[in-house]
Amino acid sequence: MSRYSAAEIEAKWQKAWDEAGIFRATREPGKPKYYVLEMFPYPSGRIHMGHVRNYTMGDVVARYKLATGHNVLHPMGWDAFGMPAENAAMASGGHPKDWTYGNIAVMRDQMKPLGLSIDWSREFATCDPEYYGQQQAMFLDFMEKGLVYRKNAIVNWDPVDMTVLANEQVEDGKGWRSGAEVERRELTQWFFRISDFSEDLLTALDGLDNWPAKVKLMQANWIGRSRGLQFAFDLIDGPGGFDGIEVYTTRPDTLLGASFVGISADHPLAKTLEANNPDVAAFCADCRRGGTTEEALEKAEKKGMDTGLRVRHPLDPEWDLPVYIANFILMDYGTGAIFGVPAHDQRDFDFATRYKLPIIPVFTPSTGDTGPLTEAYVPPKTETVHYVRAIAGDDAQTGEAAINAAIDHCEGRGIGKGVTQYRLRDWGLSRQRYWGCPIPVVHCSDCGVVPERKENLPVELPYDEAGQPIDFSIPGNPLDRHPTWAQCPCPACGKPARRETDTMDTFVDSSWYYARFTAPHAETPTDMAEAEYWMNVDQYIGGIEHAILHLLYSRFFARAMIETGHLPQKAREPFDALFTQGMVTHEIYQTRDERGRPVYHLPEEVEGGKLKETGEAVEVIPSAKMSKSKKNVVDPVSIIDQYGADTARWFVLSDSPPERDVEWTAAGADAAFKHLSRVYRIASEIAAARTAEAAAPDADEALLREMHKTIHDVTGGVESFGFNAAIARLYAFTNTLAKSQAGGAAKTRAARTLAQLMAPMTPHFAEELWSLLQGEGLIANAPWPVADEAMLVDETITLPVQINGKRRGEIKVPRDMDKAEVEKIALSLDAVEKALNGAAPKKLIVVPGRIVNVVV
RNA sequence: GCCCAAGUGGCGGAAUGGUAGACGCAGGGGAUUCAAAAUCCCCCGGUAGCAAUACCGUGCGAGUUCGAGUCUCGCCUUGGGCACCA
């Protein structure tokens, strides 16, 4: 009997699938379709275990759906634009294009041995001109529909490298290469009008029944709908052109607790003051230092500067308030101006304490507890509090009620109006970088901003400059400094003009690739007939880190594509079901050098807690996301060499629930391999002894009952992403099969079923068993086994008996015995009689088929 | 700082509000073997006990319930996201 040899088996069956062309997706009207998509990878150069996990999960779904009679679309492509390619070119020369396509070739070669059921004929990379040219065509359509516009926005500016920095290139407020203090600068940039869809993107979340609740919640919070009051404070002796400051507040009920007005350093009023006052200018410049992330702004020390200006309180003309420029107010939110209520906002409290401003309570706890405030009092809006300075409404009311009353009151007195606001900002898509999709517009001195003509698309990225490959070691945007690329005739008047040199955010590329996969080589962005058939994505799988941006942008794009005629109405929510999988983690092995700094070691360099080479003991740091810098990485390629793809697939599915992180361990991988070997051995024995004598009939019956239960549980597990539980069930069934005294026919049937249930997870292995057991055709084409309902229920069941909620015994009863009968048997148990001691039970609970509880 | 999630044996984890710890790993004992590898069998949350068994036990503290790992509230710890990383 031969042993399980993954290398032989896997190559053989991949070839067989290829030749049979079973993963090639073609439209078959009438057959139910199923579109399964995993988030496509960035071509970093090597696949990692996270990819193995992600694509294996998708493959399980795809193969299961194939077996249940669906026409499956399971494509793969590359999210190929982005900064790493440019960084690589800067660091070690070469060209982003060569780097990227080289990486794609390597990764494709590494991915294919995994045996994924992918239709490779649909593969594309977002950096293919064929793809980004269609993206440009769509951009022009979006422009025509008014879905795109230009405005000023703030970027991270490195004053030494003279370049715009990405957030990740800002470390502690300094540029990653130059180390210079980063400044915030304004540039004119392109925006998608995603905020026009705020309400729709929010309310449509309710219909996404097969999305994780937490993703929907995160998106809802991100969109951030709020109801509030917008009104103006009158300025007393303001500079020319300014007679008021428009503010937005979600807490108008606290207006009588206002003690200052704050404006952003980028507020028009601040800019006017700055022009005439060097101190203000210095303070504003200070506010503009540091990164642009929300986190950086929130964590920065809260600072303000008194402008000397005063505003009048709208409810009391005698009352005036100071106006501060403050570094924590964002021009992008609301109106770029706020009023501060120190008694009921911690940030305002800190600010008021620092600048010795009054702290005026508006409400106090309804418990009457009114000591002096040492911190802001911020109860939930749903809590009833006692208003001591109410604008409107009762003295005792909830914040919610008070807010509504305050809005009504102010509107009635002509002070501003109630408005619904969204936190969601428009999507800035301009990037001052080379390796992205060029924005297809032209700047003409006569005509202004003019869209490029569609027949001139794609606007391709230049490969050379002045006959030489582009030099990426020079700071700045290569498109901007290119001697000829930007020169072009104006599409409107024909005079010499200049191309836009900004490229698109890579999130644009990934916002519609799912639609392109339905017709990857169409000469328009999509082919409506194909999109109509294949959309929507039935199951989308990817990392939780994309919960907000990528998924929100994709939802916006689907809507915009419908408006521009590139997708059918039904694709408004493009992903019917979403699954977010966890990461693959590994322990970190660390020693220290002579100066006490950590030195990391690869897992293969360590054995038994010691370095193989020197015997030095390593410190083991608990599992963390695999990362090159910590060296806690396991290379899928070497795992496949060692054990085969099926072992790797089996392990990443078996060890943890898919939505959680899985820790890669050598012992676990070893165990997975041993298990496959064991199943192979068991199946071989069964195949060799097929004519064995018939066994006792109840042994056959018991095995087949167990088989049907396993079919039921595994099917349920696969459908609900309970892969680890499904695999546990398969382990248990393997144990049953190994010990079974059933006859050859029953065992063969059970073993074939086992192979089928394993097929989505370990497809090559399952094909081999199938052929060993003389199954018909390819297991990949075999219909999924169906559990016989009658075999799932046992005639006799065991009921636990509790006394006061604690298990004290059990009884065996027929499945459908009636309640009274069960009660009688339960009460006659020794333990129960002893506990009752002659008395009647206080209460007797019988949950049919589940439990008996006696309360004494 | 803000938003979100997760915490169960030595470890990964299982458990429609109904027998906590399925299944796997590690560990211990045994069989087989000249020996080893491989394989097979048994044990395996803690405390007490020869045992039957009893008590404790799902991050911590309260609560709802006949019954809570599961529901509610408050805390602690860890992880993810925060708009130019993908």
Side-chain angles (χ1 to χ4, degrees), chain A residues 3 39 41-42 44 79 81-84 87 153 155-156 164-170 189 212-215 217-218 220-222 224 291-300 302 328 332 346-347 423-433 505-507 509-510 543-550 552-553 580 582-583 585 622-625 651 654-657 659-663 665 667-668 670-672 674-675 677-678 681 722 724-725 727-732 734-735 738 798-810 841-845 847 849-855:
Chain A
R3 285 189 43 170
M39 291 179 185
Y42 180 80
S44 57
D79 190 12
F81 275 135
M83 296 209 313
N87 292 344
V155 295
N156 298 306
V164 175
L165 297 178
N167 282 334
E168 70 154 12
Q169 295 174 320
V170 179
Q189 308 204 51
K214 70 172 166 179
V215 172
L217 184 62
M218 283 162 89
N221 287 337
W222 188 261
T292 59
T293 66
E294 198 174 307
E295 186 189 7
L297 295 171
E298 291 284 341
K299 278 191 174 163
K302 307 296 179 288
F328 55 84
D332 289 337
Q346 192 56 41
R347 191 172 57 189
R423 203 183 79 100
L424 180 64
R425 312 200 294 253
D426 276 333
W427 172 9
L429 68 115
S430 298
R431 297 291 181 270
Q432 296 69 41
R433 275 173 242 293
D505 178 8
T506 55
F507 272 124
D509 313 332
S510 55
I544 186 71
E545 67 272 22
H546 294 293
I548 300 175
L549 294 181
H550 162 62
L552 193 62
Y553 291 158
T580 52
M583 299 178 300
T585 65
S623 247
K625 180 176 179 169
F651 177 72
S654 69
D655 226 38
S656 287
E659 66 277 11
R660 267 202 252 164
D661 293 351
V662 63
E663 182 179 12
T665 60
D670 224 46
K674 277 186 191 168
H675 178 70
S677 305
R678 178 168 181 240
R681 205 161 47 237
N724 59 326
I727 284 183
R729 197 67 187 79
L730 289 168
Y731 268 105
T734 303
N735 290 338
T798 305
L799 278 187
V801 177
Q802 297 182 332
I803 296 169
N804 292 337
K806 294 195 178 225
R807 185 179 170 278
R808 284 293 180 271
E810 59 184 37
K842 267 194 198 151
K843 206 164 178 181
L844 191 53
I845 290 141
V847 183
R850 303 251 34 141
I851 205 159
V852 179
N853 190 10
V854 185
V855 184

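Heavy atoms only: backbone and side chains are in, while hydrogens, waters and symmetry mates are out. By convention in this document, chain letters (A, B, ...) are assigned in the order of the sequence lines, proteins followed by strands, and residues within each chain are numbered from 1. No experiment lies behind these values; they were computed from the predicted model shown.
- Side-chain contact between A/D509 and A/D79: present, with at least one pair of heavy atoms (C-beta onward) separated by less than 4.5 Å.
- At the phosphate of B/C82, neither OP1 nor OP2 sits under 4.0 Å from any side-chain N or O atom of A/N167.
- For B/C55 and B/U72, the P atoms lie 30 Å apart once the distance is rounded to whole Å.
- Within 4.0 Å of A/L217, counting heavy atoms only, lie sugar-phosphate atoms of the nucleic acid but no base atom.
- Atom CG of A/D670 is separated from atom P of B/A37 by 14 Å (rounded to the nearest Å).
- A/P841 places a side-chain heavy atom less than 4.5 Å from the side chain of A/V854.
- Within the 4.0 angstrom heavy-atom criterion, no nucleotide atom of any strand lies near A/A547.
- In this structure, A/S430 reaches the bases: a heavy-atom distance under 4.0 Å links it to at least one base atom across the strands shown.
- Annotation: B/C76 and B/G61 have their P atoms spaced 15 Å apart (nearest Å).
- Using the Watson-Crick or G-U wobble rule with both distances under 3.5 Å, B/C55 pairs with B/G46.
- Here, B/U58 and B/U19 have their P atoms 16 Å apart, quoted to the whole Å.
- Residues A/R433 and A/D505 are not in side-chain contact: their nearest non-hydrogen atoms beyond the backbone lie 4.5 Å or more apart.
- Residue contacts for A/V164: at a heavy-atom cut-off of 4.0 Å it reaches a base atom on one of the strands shown.
- The residue A/R423 sits close to a base: some heavy atom pair falls under 4.0 Å.
- Residue contacts shown for A/P657 are limited to sugar-phosphate atoms, with no base heavy atom under 4.0 Å away.
- For B/C2, the paired nucleotide is B/G81, the pair qualifying as Watson-Crick or G-U wobble because both relevant distances are below 3.5 Å.
- Among the heavy atoms of the strands lying under 4.0 Å from A/R433 is at least one base atom, whether or not backbone atoms are also near.
- Judged by distance alone, the side chains of A/R660 and A/N724 never bring a donor and an acceptor atom under 3.5 Å apart.
- Looking at heavy atoms from C-beta onward, A/F651 lies in side-chain contact with A/T665 at the 4.5 angstrom threshold.
- Atom OH of A/Y553 and atom C1' of B/C82 are 11 Å apart (whole Å).
- Glycosidic conformation of B/G10: anti, with the torsion beyond 90° of 0.
- B/U16 and B/G12 are spaced 24 Å apart, taking the C1' atom of each and rounding to whole Å.
- Comparing B/G10 with B/C4, their C1' atoms are spaced 31 Å from each other, to the whole Å.
- Of all nucleotides present, only B/C11 satisfies the Watson-Crick or G-U wobble test against B/G24, with each distance under 3.5 Å.
- A/G543 comes within 4.0 angstrom of no nucleic acid atom, judged by non-hydrogen atoms across all strands.
- Between A/R850 and B/G17 there is no side-chain N or O to OP1 or OP2 distance below 4.0 Å.
- You'll find that the side chain of A/F507 is closest to B/A86, out of B/U19, B/U39, B/A86.
- For A/N853 against B/C66, a side-chain-to-base donor-acceptor contact under 3.5 Å is present.
- In terms of phosphate contacts, A/S656 brings a side-chain nitrogen or oxygen within less than 4.0 Å of OP1 or OP2 of B/G13.
- When heavy atoms are screened at a 4.0 angstrom cut-off, A/V855 is found touching the sugar-phosphate backbone but no base atom.
- Between A/E663 atom CD and B/A6 atom C1' the separation is 16 Å, expressed in whole Å.
- Summarising the geometry of A/E663 relative to A/D655, their closest heavy-atom pair is O-OD2, 4.2 Å, with the distance given to 0.1 Å.
- Rounded to whole Å, atom P of B/A14 lies 16 Å from atom CZ of A/R729.
- Side-chain proximity of A/R808 to the nucleotides B/A86, B/C55, B/U19 is greatest for B/C55.
- The A/N221 side chain lies nearest to B/C4 when the options are B/C4, B/G24, B/C66.
- Between B/G24 and A/S654, no contact under 4.0 Å exists linking OP1 or OP2 to a side-chain N or O.
- If you measure from atom NZ of A/K674 to atom P of B/A37, you get 11 Å, rounded to the nearest angstrom.
- Rounded to a whole Å, the CG atom of A/L549 is 17 Å from the P atom of B/C4.
- In this structure the side chain of A/Q802 never reaches within 4.5 angstrom of the side chain of A/R808, judged on heavy atoms.
- Between A/G82 and A/Y42, the shortest heavy-atom distance links the atoms O-OH, 4.2 Å.
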Exercise for review: Could you run through nucleotides 72-80 of chain B and give me one letter per nucleotide, 5' to 3': B if any protein heavy atom sits under 4.0 Å from the base, S if only the sugar-phosphate is that close, - if neither?
Suggested key: ---------
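- In terms of position along RNA chain B, the nucleotide closest to A/A671 lies nearer the 5' end than the nucleotide closest to the other residue of the pair A/A671 and A/K806.
- When every heavy atom of A/Y731 is checked against every heavy atom of A/A671, the shortest pair comes out as OH-O, 4.3 Å.
- If you check every strand for non-hydrogen atoms under 4.0 Å, A/G82 touches sugar and phosphate atoms only.
- Counting heavy atoms from C-beta outward, A/N804 and A/N853 have side chains that stay 4.5 Å or more apart.
- A heavy-atom distance below 4.5 Å is found between the side chains of A/Q169 and A/M83.
- Going from atom CD of A/Q169 over to atom P of B/C85 covers 8 Å, rounded to whole Å.
- For A/R807 and B/G67, the shortest distance from a side-chain N or O to OP1 or OP2 is not below 4.0 Å.
- Across the strands present, B/C60 finds its partner in B/G74; the criterion is a Watson-Crick or G-U wobble pair with both atom distances under 3.5 angstrom.
- Spacing between B/G21 and B/C11 at atom C1', rounded to whole Å, works out to 13 Å.
- Using a 4.0 Å heavy-atom cutoff across all strands shown, A/Q189 reaches at least one base atom of the nucleic acid.
- Residue A/R431 places at least one side-chain N or O under 4.0 Å from the OP1 or OP2 atom of B/C84.
- What separates CG of A/N156 from C1' of B/C85 is a distance of 13 Å, to the nearest Å.
- At least one side-chain heavy atom of A/I544 sits less than 4.5 Å from a side-chain heavy atom of A/V215.
- Within the nucleic acid shown, A/W427 has no heavy atom closer than 4.0 Å to any nucleic acid atom.
- In terms of polar N and O atoms assigned as donor or acceptor, the side chain of A/Q432 comes within less than 3.5 Å of the base of B/C84 in a complementary pairing.
- Across all strands shown, B/C40 forms a Watson-Crick or G-U wobble pair with B/G30, both key distances being under 3.5 Å.
- The residue A/N735 sits close only to the backbone: its heavy atoms come under 4.0 Å of sugar-phosphate atoms, none of a base.
- Rounded to whole Å, the separation between the C1' atoms of B/U8 and B/A15 comes to 11 Å.
- With both ends at atom P, the span from B/A37 to B/G18 equals 45 Å, rounded to whole Å.
- Nucleic acid contact class of A/H546 (heavy atoms, under 4.0 Å, all strands): base.
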